[in-house]
Engineer: 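Here it is, the structure in full.
Start at 1 with the first residue, then count along the sequence.
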Amino acid sequence: MEGSSLQIVPYPHPTLRHKSKPVRRVDGELVRLVREMFGRMYEHNGIGLAANQVDLPLRLFIINLNAKPDEGEEFVFINPVLSKPKGNEESEEGCLSFPELYGPVTRPKLITVQAYNLRGEEVRMDLNGMLARAVQHEYDHLDGVVFVDRMAPTARAKVQPVLDEFELSLRTLRQTGVIPSDDVIASRLAQWEQRYA
């Protein structure tokens, strides 16, 4: 696990469906992994990234709405809890685990999030707009929910051919050994959980 280099896993990689475990400790290695997550996110022009998108089974995600390392504010949410949803709003979403795929998702307009940052301080924020949407999108990941699960049936049907291509592509990656078997993945996730959860 030491010195592991994080890669964004593509749908339908099994870790994307794994329900993440609460983080019980933050050490230098976890701080390094979070920095590396920001690096991967910026490389792909993303605004948010959940730990299980880089094959880590931990309840944490990061966000920077500017998608650039020297702009905007970097947020780290550890063991987040969402509450007080208000209103509804539909908007287009994408995801780094679903390259080039976008679709309409309806989510609450306003939300409250409570979480911890990397310094172990409790953070509480009332959110709206893009930040509220990004937090809800990343929070879903921690429960093994992906944005296409939230799309209306007609919108989901439109993107189904692309999802089928993702599945075919993952099968090929497994056959060539780029992505290991479910057993190997499960054992690795268990190691991370033992260390941090």
Side-chain angles (χ1 to χ4, degrees), residues 1-23 29-64 67 69 77-78 92-105 134 136-197:
M1 289 194 300
E2 291 296 332
S4 69
S5 180
L6 302 178
Q7 298 299 329
I8 293 172
V9 298
Y11 174 84
H13 190 287
T15 306
L16 292 174
R17 292 301 189 184
H18 185 85
K19 197 165 168 28
S20 303
K21 298 279 193 295
V23 176
E29 171 74 352
L30 192 68
V31 171
R32 187 190 69 72
L33 288 166
V34 168
R35 293 284 6 124
E36 202 178 329
M37 281 175 68
F38 274 109
R40 287 284 166 274
M41 182 179 87
Y42 294 138
E43 275 171 31
H44 294 87
N45 300 313
I47 62 168
L49 189 64
N52 56 351
Q53 287 183 271
V54 289
D55 211 8
L56 296 173
L58 306 173
R59 289 192 84 76
L60 77 91
F61 59 80
I62 61 170
I63 287 175
N64 178 353
F77 296 92
I78 298 173
E92 191 173 76
E93 291 187 19
C95 178
L96 296 180
S97 293
F98 295 74
E100 310 297 316
L101 180 69
Y102 300 91
V105 178
Q136 291 174 79
H137 175 110
E138 301 309 332
Y139 182 88
D140 270 352
H141 274 300
L142 305 184
D143 289 331
V145 175
V146 291
F147 83 105
V148 293
D149 300 342
R150 299 268 186 211
M151 288 165 66
T154 46
R156 169 81 186 235
K158 276 186 196 163
V159 301
Q160 191 58 51
V162 185
L163 297 178
D164 294 342
E165 281 175 40
F166 283 138
E167 293 196 13
L168 197 61
S169 169
L170 190 85
R171 269 206 295 277
T172 307
L173 290 172
R174 292 199 130 170
Q175 285 158 1
T176 55
V178 175
I179 289 179
S181 69
D182 283 359
D183 291 349
V184 171
I185 291 170
S187 141
R188 230 180 50 75
L189 295 179
Q191 283 182 332
W192 283 111
E193 287 171 353
Q194 209 173 357
R195 178 164 180 179
Y196 287 110

Engineer: For Thr176 and Thr172, indicate whether the former's side chain and the latter's backbone hold a donor-acceptor pair under 3.5 Å.
Structural biologist: yes
Engineer: Just verifying a value: how many Å separate Leu30 CG and Leu60 CG, rounded to the nearest 0.5 Å?
Structural biologist: 6.0 Å
Engineer: Run His18 and Ile185 through side-chain contact (heavy atoms from CB on, under 4.5 Å) and show every step you take.
Structural biologist: CA-CA 11 Å; His18 185 85; Ile185 291 170; over 6 Å; no
Engineer: How far does CE of Met41 sit from CG of Leu96, to the nearest 0.5 angstrom?
Structural biologist: 8.5 Å
Engineer: Ring-plane angle category for Phe98 and Tyr11, please: parallel below 30°, perpendicular beyond 60°, tilted otherwise.
Structural biologist: parallel
Engineer: Rounded to the nearest 0.5 Å, what separation is found between the CG atom of Leu56 and the CH2 atom of Trp192?
Structural biologist: 5.5 Å
Engineer: Indicate whether the side chain of Thr15 and that of Asn52 have a donor and an acceptor atom separated by less than 3.5 Å.
Structural biologist: no
Engineer: Taking the side chain as every heavy atom from C-beta outward, state whether Pro99 and Phe166 have any pair of such atoms under 4.5 Å apart.
Structural biologist: yes
Engineer: Of the non-hydrogen atoms in Ile8 and His44, which two are nearest, and what is the gap between them?
Structural biologist: CD1-ND1, 3.5 Å
Engineer: Is there side-chain contact between Pro12 and Glu167, with heavy atoms separated by less than 4.5 Å?
Structural biologist: yes
Engineer: Are side-chain heavy atoms of Glu165 and Leu168 found at a separation under 4.5 Å?
Structural biologist: no
Engineer: Using the salt bridge (charged side-chain N to carboxylate O under 4.0 Å, His left out) rule, pick out the option among Arg150, Arg17, Lys21, Lys19 that qualifies with Asp143.
Structural biologist: Lys19
Engineer: Please check if any side-chain donor atom of Gln136 sits under 3.5 Å from a side-chain acceptor atom of Asp140, or the reverse.
Structural biologist: no
Engineer: Which heavy atom of Ala67 sits nearest a heavy atom of Gly46, and at what distance?
Structural biologist: CB-O, 3.3 Å
Engineer: Within 45 degrees of the ring normal and closer than 6.0 Å to the centroid, is that where the cationic atom of Arg59 sits relative to Phe77?
Structural biologist: no
Engineer: Check step by step if side-chain contact (heavy atoms from CB on, under 4.5 Å) holds for Leu58 and Leu142.
Structural biologist: CA-CA 7 Å; Leu58 306 173; Leu142 305 184; over 6 Å; no
Engineer: Would you say the ring centroid of Tyr139 lies under 6.0 angstrom from that of Phe61?
Structural biologist: no
Engineer: Kindly check if the number of other-residue, nucleotide or ligand heavy atoms within 6.0 Å of CD (Glu92) is above 12?
Structural biologist: yes
Engineer: Which heavy atom of Glu93 sits nearest a heavy atom of Phe147, and at what distance?
Structural biologist: O-CE1, 3.3 Å
Engineer: Taking it one step at a time, do Gln53 and Arg40 satisfy side-chain contact (heavy atoms from CB on, under 4.5 Å)?
Structural biologist: CA-CA 11 Å; Gln53 287 183 271; Arg40 287 284 166 274; over 6 Å; no
Engineer: For Leu6 and Leu33, which heavy atoms make the closest approach, and how far apart are they?
Structural biologist: CD1-O, 3.5 Å
Engineer: How many angstroms lie between atom SG of Cys95 and atom CD of Glu138, to the nearest 0.5 angstrom?
Structural biologist: 7.0 Å
Engineer: Can Arg174 and Asp182 be said to form a salt bridge (charged side-chain N to carboxylate O under 4.0 Å, His left out), step by step?
Structural biologist: CA-CA 10 Å; Arg174 292 199 130 170; Asp182 283 359; 2.5 Å; yes
Engineer: Measure the NE2-CG distance between His141 and Leu16 for me, rounded to the nearest 0.5 Å.
Structural biologist: 6.5 Å
Engineer: Rounded to the nearest 0.5 Å, what separation is found between the CG atom of Asp55 and the NE2 atom of His13?
Structural biologist: 4.5 Å
Engineer: Does any N or O in the side chain of Ser97 come within less than 3.5 Å of the main-chain N or O of Val9, such that one atom is a donor and the other an acceptor?
Structural biologist: yes
Engineer: For residues Ser5 and Glu36, determine if any side-chain heavy atom of one lies less than 4.5 Å from a side-chain heavy atom of the other.
Structural biologist: yes
Engineer: Hey, are the side chains of Met151 and Val148 touching, using non-hydrogen atoms and a 4.5 Å cut-off?
Structural biologist: yes
Engineer: Could you go through the side-chain contact (heavy atoms from CB on, under 4.5 Å) check for Asn64 and Tyr42 one step at a time?
Structural biologist: CA-CA 9 Å; Asn64 178 353; Tyr42 294 138; 2.9 Å; yes
